[in-house]
Amino acid sequence: MFKIKFDGMEAVEFDVPITVYEAAKSKELTDRSSLAALVNGNVTALSYELSEDADVKILTFADAEGKHVFWHTASHILAQAVKRLYPAAKLTIGPAIETGFYYDIDSEVAFTPDILSNIEAEMQKIVKENLLIERFTLSRDEAIKLMSEKDEPYKVQLIEELPEGEEISFYRQGEFTDLCAGPHIFSTGAVKALKLIQCTGAYWKGDQANKQLQRIYGVAFPAKDMLKEHLAQVEEAKKRDHNKLGRELEIFTTVDSIGQGLPIMLPKGARIIQLLQRWIEDEEQKRGYLLTKTPLMAKSDLYKISGHWGHYKDGMFVLGDEEKDKEVFALRPMTCPFQYQVFLNRQRSYRDLPMRLGETSTLFRNEDSGEMHGLIRVRQFTISEGHLILRPEQLEEEFRGCVELAKYTLDTLGLSEDVSYRFSQWDPDNRDKYEGTDEQWAEAQGAMKKILDNLGINYAIGIGEAAFYGPKLDIQIKNVHGKEDTLITIQIDQLLAERFGMEYIDVDGQKRRPYIIHRTSVGCYERTLALLIEKYAGAFPTWLAPTQIAILPIGFDQHEYAEALNAKLEAAGIRTFLDERNEKIGYKIRSAQLEKIPYMLVIGDNEKNAGTVAVRSRKEGDLGVMSQDEFIGKILCEIATKAR
């Protein structure tokens, strides 16, 4: 006898092996929406056979894991359609991704939009055939023989690279068989709606030294109305894409002769970043941070001490050649080894701790060209970087303070509802990537888990996502296209203090190593700006808007009054634009609306004679006539409270 406990139910006993599907069906827990299952935390097919005690959750498209399985099956349908239409094409890999799926294909045929349309039609035929998807395994030799006979050299290479003893599984649907770890849904018929999005270039294994392939992207859903809704969201995302909107609104630009990943902030973008930086620096000062300013580069010696030279050199811009030059420098990819010198400037005691150091840091990282995207991922960026040097017993309180600061910035910017939390841990199976002993990592991760649990943070776990010196809390966010990046990070470090010889005199007169928290308040300013452009579709809250007020005189007779009003608003610290162009007032209003300026003050003879303003709000429309002082009071209150 063994027990199966379905999510939210009492355990059920079975006396013979049974598939997940049959076990769930016996309790009326499965229907057409069922796609796969979680068995003891592992994603499996519904055909997976149970023979021991297990906790089981049936997955649907509403579950991230169920969606992943569904899209993985759709990628196999895509590959099958390609092979039917173009038998000479060679298949490589076809995973599910956050926004759908893709398959990389080596083919002499260029997959133009017309050909993608034909492939999509063939995929729909495969769906209608409702082909059963069956899993089977082969030995290494048998697997190589099968893929060789099918003339799939990339699959043969993948098999040859698998570790000895690894189970080699395949999935068959009709005449099509693919090398795959799975799992998959029960049959192709569940894919009720699909769409091929685009075809781009991609190198085999992401290496530019390898052959360039064609990558076909697609998306699929279990219902047609879901596809329709998705495509509408995609169109909306295109409108909000910061890479498009940020250029149209003249917030930033890029120039080929300067280089990829090196954006130019135009006056509007520069102003927004300045506002964010001043706000963060002032907020950190209120919370006891000491401001530092450190060099943009250092000799390789510094990075060798910190360990970055050994673990991160490929991601750095190195100036010089170690074999030829006496001194080799590198632009800094992070600020920590520089800020430690503030602590090391003189002997420290427990009275100096916690020492909270903050800096608006310009950093440089040699990102791969394929990773560049607008302001989201760049090679030079500015970050609200900070390091807290503290006694071990201060760790929880200071970590809590870092989380509270991060939540405050997210709430103020209106991004808090868009983020998720990831507890990034080390991968003990990839030992070369990390510093420290198993015991040190267990201690650091145990301390962080306790803190996160005490704070009540709902987090996912990311194995292998830790920094080389310690675990971290990553605050994740997705752009309008669903691509996830880290916005804010808070890390625990028990290792680097020893590398730098950092010590303090404790209460008992003994020298001890401090702990360090690496953290950001709002993360990378460029990335934050990109997300704000997308969040507000360029219509920034008044306190962040590069231009807050447009003053629109109807004619020449109101120019003198408008100029005096403009001077009064500027004296109050309000950012204005005085539109004295010889244009009709309707044109001026439309121009201000296209610029997404929060308020427009229309000035006619009545306003000029009464000393008032006719106020139009970007959000609320016509607000009527106000006195100058009444309007100034309103706008200053909105700015001071950072209202959204």
Side-chain angles (χ1 to χ4, degrees), residues 280-281 283-292 294 306-308 333-344 348 350 352-361 363 383-410 421-426 434-436 440-455 457 459 462 465-475 486-500 502-504 506 512-524:
I280 291 297
E281 288 180 355
E283 186 61 35
E284 288 182 345
Q285 183 174 341
K286 292 176 188 176
R287 296 174 187 245
Y289 281 79
L290 304 173
L291 185 65
T292 68
T294 57
S306 68
H308 291 102
M334 67 291 295
T335 311
C336 44
F338 296 84
Q339 282 197 325
Y340 296 164
Q341 309 311 311
V342 177
F343 177 89
L344 291 166
R348 302 293 179 178
Y350 69 93
D352 296 311
L353 306 181
M355 178 182 285
R356 305 183 189 103
L357 304 174
E359 181 167 338
T360 302
S361 304
L363 304 179
I383 194 168
S384 59
E385 193 161 16
H387 297 88
L388 290 78
I389 304 167
L390 48 116
R391 300 161 66 192
E393 54 267 35
Q394 296 169 327
L395 179 62
E396 182 165 355
E397 181 180 355
E398 292 302 313
F399 195 97
R400 180 188 298 271
C402 293
V403 173
E404 289 173 351
L405 175 56
K407 286 187 172 182
Y408 163 73
T409 63
L410 292 170
Y421 295 85
R422 183 179 72 195
F423 179 8
S424 294
Q425 303 179 3
W426 79 319
Y434 304 98
E435 299 275 330
Q440 286 172 316
W441 276 94
E443 180 183 354
Q445 292 188 168
M448 181 172 278
K449 183 180 187 306
K450 177 184 175 185
I451 292 169
L452 296 178
D453 291 345
N454 287 344
L455 289 172
I457 293 176
Y459 57 84
E465 298 294 337
F468 71 83
Y469 48 77
K472 54 182 178 167
L473 174 66
D474 287 323
I475 302 179
T486 300
L487 183 60
I488 295 173
T489 185
I490 306 170
Q491 307 173 18
I492 291 178
D493 173 11
Q494 299 174 325
L495 303 177
L496 293 190
E498 182 175 356
R499 276 183 166 271
F500 282 90
M502 298 167 69
E503 295 178 332
Y504 67 93
D506 211 345
R512 290 189 168 83
R513 301 279 186 206
Y515 282 7
I516 300 169
I517 296 175
H518 306 240
R519 46 98 279 179
T520 56
S521 303
V522 74
C524 166

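Keep in mind that the numbers below use all heavy atoms, side chains included, and drop hydrogens, waters and symmetry copies.
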Please examine the side chains of [Y] and [X], heavy atoms only from C-beta on, and report whether any two atoms are closer than 4.5 Å.
X      : Y      : value
Phe399 : Leu473 : yes
Arg400 : Leu455 : yes
Tyr504 : Ile389 : no
Arg422 : Thr486 : yes
Leu487 : Thr520 : no
Glu281 : Tyr289 : no
Arg512 : Pro392 : no
Leu388 : Tyr515 : no

Glu503 and Arg513: CA distance, side-chain angles, deciding distance, side-chain contact (heavy atoms from CB on, under 4.5 Å) verdict: CA-CA 5 Å; Glu503 295 178 332; Arg513 301 279 186 206; 3.5 Å; yes

Which atoms form the tightest heavy-atom contact between [X] and [Y], and what is the distance?
X      : Y      : answer
Leu496 : Ser306 : CD2-O, 3.3 Å
Glu284 : Gly358 : OE1-CA, 4.1 Å
Ala497 : Pro514 : CB-O, 3.5 Å
Tyr350 : Asp506 : CD2-C, 3.6 Å
Gln394 : Pro354 : NE2-CD, 3.4 Å
Ile280 : Thr409 : CD1-CG2, 3.6 Å

Residues Ile383, Met334; criterion side-chain contact (heavy atoms from CB on, under 4.5 Å); working and verdict: CA-CA 9 Å; Ile383 194 168; Met334 67 291 295; over 6 Å; no

Rounded to the nearest 0.5 Å, how far apart are [atom1] of [X] and [atom2] of [Y]?
X      : Y      : atom1 : atom2 : answer
Leu410 : Leu405 : CG    : CG    : 9.5 Å
Ile517 : Ile492 : CD1   : CD1   : 6.5 Å
Glu393 : Leu395 : CD    : CG    : 10.0 Å

Whether Trp426 and Trp441 hold their rings parallel, tilted or perpendicular, with breakpoints at 30° and 60°: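 Judged by the thresholds at 30° and 60°, the geometry between Trp426 and Trp441 is parallel.
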
Enclosure of Gln341 CD (heavy-atom neighbours >12, cutoff 6.0 Å):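 Buried by this count: over 12 neighbours within 6.0 Å.
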
Partners passing side chain to side chain donor-acceptor pair (under 3.5 Å) against Gln445 (at least two apart in sequence or in another chain):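 Scan of Gln445 (side chain to side chain donor-acceptor pair (under 3.5 Å), adjacent residues dropped) gives none.
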
Distance-only side-chain donor-acceptor flag, Glu359 / Thr335, under 3.5 Å: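 There is no such pair between these side chains.
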
Distance-only side-chain donor-acceptor flag, Glu283 / Ser521, under 3.5 Å: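 Short answer, no.
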
Pair Tyr469-Gln440, side-chain contact (heavy atoms from CB on, under 4.5 Å): steps then yes or no: CA-CA 10 Å; Tyr469 48 77; Gln440 286 172 316; over 6 Å; no

Step-by-step side-chain contact (heavy atoms from CB on, under 4.5 Å) determination, His308 to Cys336: CA-CA 11 Å; His308 291 102; Cys336 44; 3.8 Å; yes

With no hydrogens and no angle check, is any side-chain donor or acceptor of [X] less than 3.5 Å from a backbone partner on [Y]?
X      : Y      : answer
Arg519 : Ser384 : yes
Thr292 : Leu357 : no
Arg348 : Phe343 : yes

Salt bridge present between Glu398 and Arg356 (N-O < 4.0 angstrom):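 Result for this pair is yes, salt bridge flagged.
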
Residue of the set His387, Gln491, Lys472 for which side chain to side chain donor-acceptor pair (under 3.5 Å) holds with His518: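 The single option meeting the side chain to side chain donor-acceptor pair (under 3.5 Å) with His518 is His387.
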
Geometric cation-pi criterion Arg287 and Tyr408, 6.0 Å radius, 45° cone: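 Relative to the ring axis of Tyr408, which defines the angle, Arg287 lies inside both limits.
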
